[in-house]
Amino acid sequence: MLQTMVPLLLEMQGITKNFPGVQALTQVDFDLRPGEVHALLGENGAGKSTLMRILFGVHQKDSGQIRVRSQDVSIRNPHHAQQLGISMVHQELNLVASMNAAQNISLGREKHTLPGVINWRAVYTEAQEQLARLGVEVNTRVPVRYLSVAQQQMVEIAKALSWKAEVLVMDEPTSALTPHEIDQLFQLLKRLTAQGVGVVFITHRMEEISALADRVTVLRDGRKVGSWPVKEVGMNQLIQAMVGRSVSQLFPKVETERREEAIRVEGLERRGVLHNISFTAYRGEILGIAGLVGSGRTELARAIFGADRIDKGTIYVNGKATPIRSPKEAIRHGLAFLTEDRKTQGLVLAMTLESNLALTVYARLSQLGVIHQSKRRQLAADYIDRLQIRPPLPDRQARYFSGGNQQKVVLGKWLARETDILIFDEPTRGIDVGAKAEVHQLMNDLAASGKCVMMISSELPEILNMSDRILVMREGRLVAEVSRQEATQELVMEYATGVRAPTGEMQQ
Ligand SMILES: Nc1ncnc2c1ncn2[C@@H]1O[C@H](COP(=O)(O)OP(=O)(O)OP(=O)(O)O)[C@@H](O)[C@H]1O
Ligand SMILES: [Mg+2]
């Protein structure tokens, strides 16, 4: 009751936006009250990022109105948005790779001692303070390209927070984070909303809605389906509103039979990063790898795949000791690695959807060096269909697809290779609930057909539901192996943090 008396921080009315060939938004209304978290939901490509990028002045709307604190505004560019008290954490990391965390955080607002002279001491102190508020440790003096995706995400968040905005837009801020960091972030957001900041929160992790949001708005195909107070709406109802049908089972685990050994790692060492790691992964299973950000999960995958040098240890492929000195060798031995960082490692943004999908299978599609156009087309059509890539346009450049659809392209690219040992690093990051179920089904199929699937995931429900076995890493070591039967969120988190969780503290 009282809530409606408080003036709105933000009103967007009748927002419409067209991109060449795509009607991204049609007559969308959205508003934000001071002190609330308003979740924005929708399938990949529904228009969430576009709506918020219009608010932030990245795109210009075709029609509609925006009011900030009851004033009509026409937001020219991001700088203008920031002056109006709007800040945004982008879905795709927006940092300057060659600059360090402190420089990135202070970019555009550097404090000066004298005109033209930057006060570097203040820059570093402030960066450290911002990161400390988020409870993370990040080296602020190395270029951010050397930081993990999660650390970069934290820097991006710290940067947005440093503007002291009244409207804070977060476009999938948690997609690269583990429960521990998410917890820190949520506590901070709760402190901010208590001070009257309004937060727009985009996520595909449904459990975060009830943990954080007050209100939720769902978009589908660029239109608003509805807005509800979170307390008055059920998860199933939300999923139905998003995908237009009910998704019966989110994690359709199929029990498969474990077959012969696919890959065995013995005494793997990478100085300062990985310590004496030994384990075996089998055909016919999905082996989950859990751990906090920085625990060494991605580093382990990179070391196995030959992307990083190893100092000691042996890798056995199909029972045979196999030195893997480069990703090229790894691929030759039947390994695939879907990286978590699609922007720099997985996807060629300037190439078409079809070329990206065909990237790893040129040999199979070509004859005497000539690529079979029709085969390539067929392959693309197949994966567009299986992964529900939207819009289904093979000739469109990868850069124009929404974040989740780009992730599907990267996934399709590796699936097309038909390799035997697949390492997936955050395979469903940024993928919506409906498509997630499809990807999980695909992983089940891979395991059932006798392939070995290793899955790194920060999403505990995904790890718990999809894995046959779970390896837990902490500080570069393998600290536990948990069977499917004994695995619970609490147990895995206990191993991952090394701390016994007080009961009732965990997010659902
Ligand atoms: N710069 C652009 N040029 C052309 N089309 C675009 C551009 N940006 C987005 N689109 C298209 O607009 C539609 C909405 O995309 P948007 O990125 O807003 O989706 P989203 O809801 O954020 O999805 P996701 O959950 O995958 O991030 C999609 O069809 C997308 O392909
Ligand atoms: Mg998006």
Side-chain angles (χ1 to χ4, degrees), residues 12 15-28 30 38-62 64 77-78 88-94 153 156 169-176 200-206 208-209 216-225 238-239 241-244 247 342-343 346-347 349-354 356 384 387-412 426-439 459:
M12 298 179 85
I15 305 292
T16 293
K17 176 75 186 172
N18 228 337
F19 289 115
V22 178
Q23 180 76 33
L25 296 170
T26 309
Q27 293 283 340
V28 173
F30 185 86
H38 191 159
L40 186 55
L41 289 188
E43 286 186 290
N44 297 133
K48 306 177 295 294
S49 297
T50 303
L51 185 66
M52 288 303 126
R53 285 158 113 181
I54 286 173
L55 177 65
F56 198 58
V58 177
H59 295 313
Q60 296 300 313
K61 58 184 162 34
D62 297 339
N77 52 43
M88 177 159 175
V89 176
H90 294 271
Q91 179 173 14
E92 297 303 333
L93 299 173
N94 236 0
Q153 181 74 71
E156 176 95 27
V169 178
M170 308 196 101
D171 194 350
E172 300 192 34
T174 58
S175 68
V200 182
F201 197 85
I202 301 178
T203 185
H204 288 293
R205 296 183 169 190
M206 301 302 286
E208 292 178 354
I209 311 286
V216 49
T217 289
V218 173
L219 297 183
R220 183 163 81 229
D221 297 332
R223 289 171 196 272
K224 175 171 156 177
V225 182
L238 283 178
I239 292 173
M242 280 169 70
V243 302
V247 175
R342 62 174 167 260
K343 215 173 180 180
L347 201 68
L349 289 170
M351 279 178 22
T352 64
L353 168 58
E354 180 173 312
N356 269 287
I384 287 171
L387 297 168
Q388 298 177 21
I389 298 172
R390 294 289 173 268
L393 303 174
D395 295 324
R396 199 171 214 249
Q397 279 185 35
R399 73 169 90 241
Y400 298 129
F401 285 87
S402 75
N405 280 295
Q406 289 185 354
Q407 177 70 3
K408 292 188 215 168
V409 178
V410 177
L411 193 65
E426 308 287 356
T428 62
R429 176 174 162 214
I431 289 187
D432 67 52
V433 276
K436 206 179 232 177
E438 304 293 332
V439 170
E459 207 177 324

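Predicted model only: the values in this text are computed from it and were never measured. Indexing begins at 1, ligand by ligand and atom by atom, following the structure's order.
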Could you pull out all donor-acceptor pairs under 3.5 Å where a side-chain atom in residues 44-53 meets a protein atom, sequence neighbours excluded?
from: Asn44; atom 1: OD1; to: Asp432; atom 2: N; distance (Å): 3.0
from: Asn44; atom 1: ND2; to: His204; atom 2: NE2; distance (Å): 3.3
from: Asn44; atom 1: ND2; to: Gly430; atom 2: O; distance (Å): 2.9
from: Lys48; atom 1: NZ; to: Gly42; atom 2: O; distance (Å): 2.9
from: Lys48; atom 1: NZ; to: Glu43; atom 2: O; distance (Å): 3.1
from: Ser49; atom 1: OG; to: Gln91; atom 2: OE1; distance (Å): 2.9
from: Ser49; atom 1: OG; to: Asp171; atom 2: OD2; distance (Å): 2.6

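The protein heavy-atom contact nearest to atom 23 (O) of ligand 1 is Gly45 N, 2.8 Å.
Residue contacts with ligand 1: Gly430 is placed with no nitrogen or oxygen under 3.5 Å of a nitrogen or oxygen of the ligand (distance criterion only).
Annotation: side-chain hydrogen bond (donor to acceptor under 3.5 Å, both in side chains) contacts of Asn18 (sequence neighbours excluded): Gln23. Scored by the side-chain hydrogen bond (donor to acceptor under 3.5 Å, both in side chains) test, Glu426 finds Ser458 as partners (sequence neighbours excluded).
With a 4.0 Å cut-off on non-hydrogen atoms, His204 touches ligand 1 through its side chain and not its backbone. Looking at Arg399 against ligand 1, nothing comes within 4.0 Å, counting heavy atoms. With a heavy-atom cut-off of 4.0 Å, Tyr400 touches ligand 1 through backbone and side chain alike. By the criterion of a heavy-atom distance under 4.0 Å, the side chain of Arg396, and not its backbone, is placed next to ligand 1.
The distance from ligand 1 to the heavy atoms of Asn44 drops below 4.0 Å at these ligand atoms: 23 (O), 24 (P), 25 (O), 26 (O).
The CZ atom of Arg396 sits 9.5 Å away from atom CG of Asn405, with the distance rounded to the nearest 0.5 Å.
Only protein N, O or S atoms were scored, and 2 of them lie under 2.8 Å from the Mg ion (ligand 2).
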